[in-house]
Amino acid sequence: MIRVIFAEWRKLRRPTLFLGTIGAALFFTGLTSTFLYLMIDSEQGNSDRGRQVSREVLELAGGSVYGFASVGGLLGIIALCVFAAQTAQEYTYGTLRNLLVRQPGRIRILVGKLIAMKIFALVMIAISAVVSIGISYFLSDRAKVNTDLWFTSAGFQEIGKTLLNVAISVIYFGIVGMILGLLLRSPISSISIGVLWILIIENLLGAVKPVFLEWMPGNQLSLIAQGGSSEISYMHALTLGSSYVFVGAIVATVLFSRRDVAN
């Protein structure tokens, strides 16, 4: 399995993939964190869906990572795309058959690839967190936000809790991408269906009937990163999101272990 992890990591650290993915993550992280502070007095809101985040909220112990938690869903979508592409392209390029010749254990290959991609996701999360906190601190003075509580013991506790929540959310998104890659066997189909569902279909259903958002998988995974919301609790999002990911992973694993490897 160690060889599978290193083999997968060799592909993940290619400059085009690694730098491109980190660049996209930093773009959305910087954009979200910047708007949060520069538009703090805007009547149109300074957060997602026009919500207003006040100075009082940003001055709390968890204010340093508020922007980072808000971008967790977008980081998750990036992870979904990477996991889906790296999984499905094994079928597209016909390399899975060669892997099975060297390592006949299908489950070992699957677990090894997942571990390598998890490490990749955690690196992306760590870099994004540092950039988000740095931007927040840099812009706090301009936005007249007091940062005295940010780096106290309570503040560091909030940073740790947010990092954990975002990590869970992003990895869950990635596993969903891997599931789609295993089921559809096509990078384009896996990515397009996953992104279409999360960014468009779920939001359309939520606009028609908001109660639908309480059960949508993408919304639950995004809320895990944010620690829940006023409408949906963190435990509800974590329980339901974990259930979706667990059931999907079981189905995809069974199919992967039994189906022919040809695309």
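Predicted, not measured: the structure shown is a model, and the values here were computed from it. Side chains included, hydrogens not; waters and symmetry mates left out as well; all remaining heavy atoms used.
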Quiz item: If you measure only the distance, is there a donor-acceptor pair under 3.5 Å linking the side chains of Ser136 and Tyr66?
Solution: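 Their side chains do not contain a donor-acceptor pair, so the 3.5 Å distance test is not met.
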
Can you tell me how far apart [atom1] ([X]) and [atom2] ([Y]) are? Round to the nearest 0.5 Å.
X: Leu12; Y: Ile5; atom1: CG; atom2: CD1; answer: 11.5 Å
X: Ile135; Y: Leu26; atom1: CD1; atom2: CG; answer: 8.5 Å
X: Ser54; Y: Ile40; atom1: OG; atom2: CD1; answer: 7.0 Å
X: Leu60; Y: Glu56; atom1: CG; atom2: CD; answer: 8.5 Å
X: Ile191; Y: Ile193; atom1: CD1; atom2: CD1; answer: 11.0 Å
X: Ser64; Y: Phe156; atom1: OG; atom2: CZ; answer: 8.5 Å

Do you reckon [X] sits in the same ILVMFWY cluster as [Y], going by side-chain contacts under 4.5 Å, direct or chained?
X: Phe27; Y: Val130; result: no
X: Phe246; Y: Phe83; result: no
X: Leu36; Y: Phe138; result: yes
X: Leu164; Y: Val123; result: yes
X: Leu31; Y: Leu75; result: yes

Linking directly or through intermediates, with side-chain heavy atoms under 4.5 Å: list the remaining ILVMFWY members grouped with [X], chain and number order.
X: Ile232; answer: Leu223
X: Trp215; answer: Leu240, Tyr244
X: Leu149; answer: none

So for atom [atom1], which belongs to [X], do other residues, nucleotides or ligands contribute more than 12 heavy atoms lying within a distance under 6.0 Å?
X: Phe151; atom1: CZ; value: yes
X: Tyr234; atom1: OH; value: yes
X: Arg14; atom1: CZ; value: yes
X: Ile188; atom1: CD1; value: no
X: Asp141; atom1: CG; value: no

Search all heavy atoms of [X] against all heavy atoms of [Y] and return the closest pair with its distance.
X: Ser190; Y: Leu180; answer: OG-O, 3.2 Å
X: Ala25; Y: Met124; answer: CB-CG, 3.7 Å
X: Ala69; Y: Gln226; answer: O-CG, 3.5 Å
X: Ser222; Y: Phe173; answer: OG-CZ, 3.7 Å
X: Ser70; Y: Thr32; answer: CB-CG2, 4.0 Å
X: Met117; Y: Val82; answer: SD-O, 4.5 Å

I want to check something: taking the side chain as every heavy atom from C-beta on, are [X] and [Y] in contact at a cut-off of under 4.5 Å?
X: Val145; Y: Trp150; answer: yes
X: Val176; Y: Pro217; answer: no
X: Thr162; Y: Val166; answer: yes
X: Glu59; Y: Thr147; answer: no
X: Ile171; Y: Leu122; answer: yes
X: Val65; Y: Lys161; answer: no

Quiz prompt | For Arg55, salt bridge (Lys or Arg N to Asp or Glu O under 4.0 Å) partners two or more places apart | solution =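 Arg55 satisfies salt bridge (Lys or Arg N to Asp or Glu O under 4.0 Å) with Asp41 only.
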
Practice problem: Would you please name every residue forming a salt bridge (Lys or Arg N to Asp or Glu O under 4.0 Å) with Glu8, sequence neighbours left out? | Solution: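 Checked Glu8 against salt bridge (Lys or Arg N to Asp or Glu O under 4.0 Å); matches are Lys11, Lys113.
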
For [X] and [Y], indicate whether the former's side chain and the latter's backbone hold a donor-acceptor pair under 3.5 Å.
X: Ser257; Y: Val254; value: yes
X: Glu202; Y: Gly218; value: yes
X: Ser128; Y: Thr29; value: no
X: Gln220; Y: Glu214; value: yes
X: Ser169; Y: Asn165; value: no
X: Thr87; Y: Ala84; value: no
X: Ser132; Y: Phe68; value: yes

Exercise. Before giving the answer on side-chain contact (heavy atoms from CB on, under 4.5 Å), spell out for Leu139 and Thr34 the whole-Å C-alpha distance, their side-chain angles and the decisive distance to 0.1 Å.
Key: CA-CA 7 Å; Leu139 294 177; Thr34 300; 4.1 Å; yes

Quiz item: Checking side chain to side chain donor-acceptor pair (under 3.5 Å) for the pair Ser140/Tyr37: CA distance, chi angles, key distance, verdict?
Solution: CA-CA 7 Å; Ser140 61; Tyr37 288 87; over 6 Å; no

Exercise. Kindly write out the residues that satisfy side-chain contact (heavy atoms from CB on, under 4.5 Å) with Phe212, not counting sequence neighbours, or none if the list is empty.
Key: Leu205, Lys209

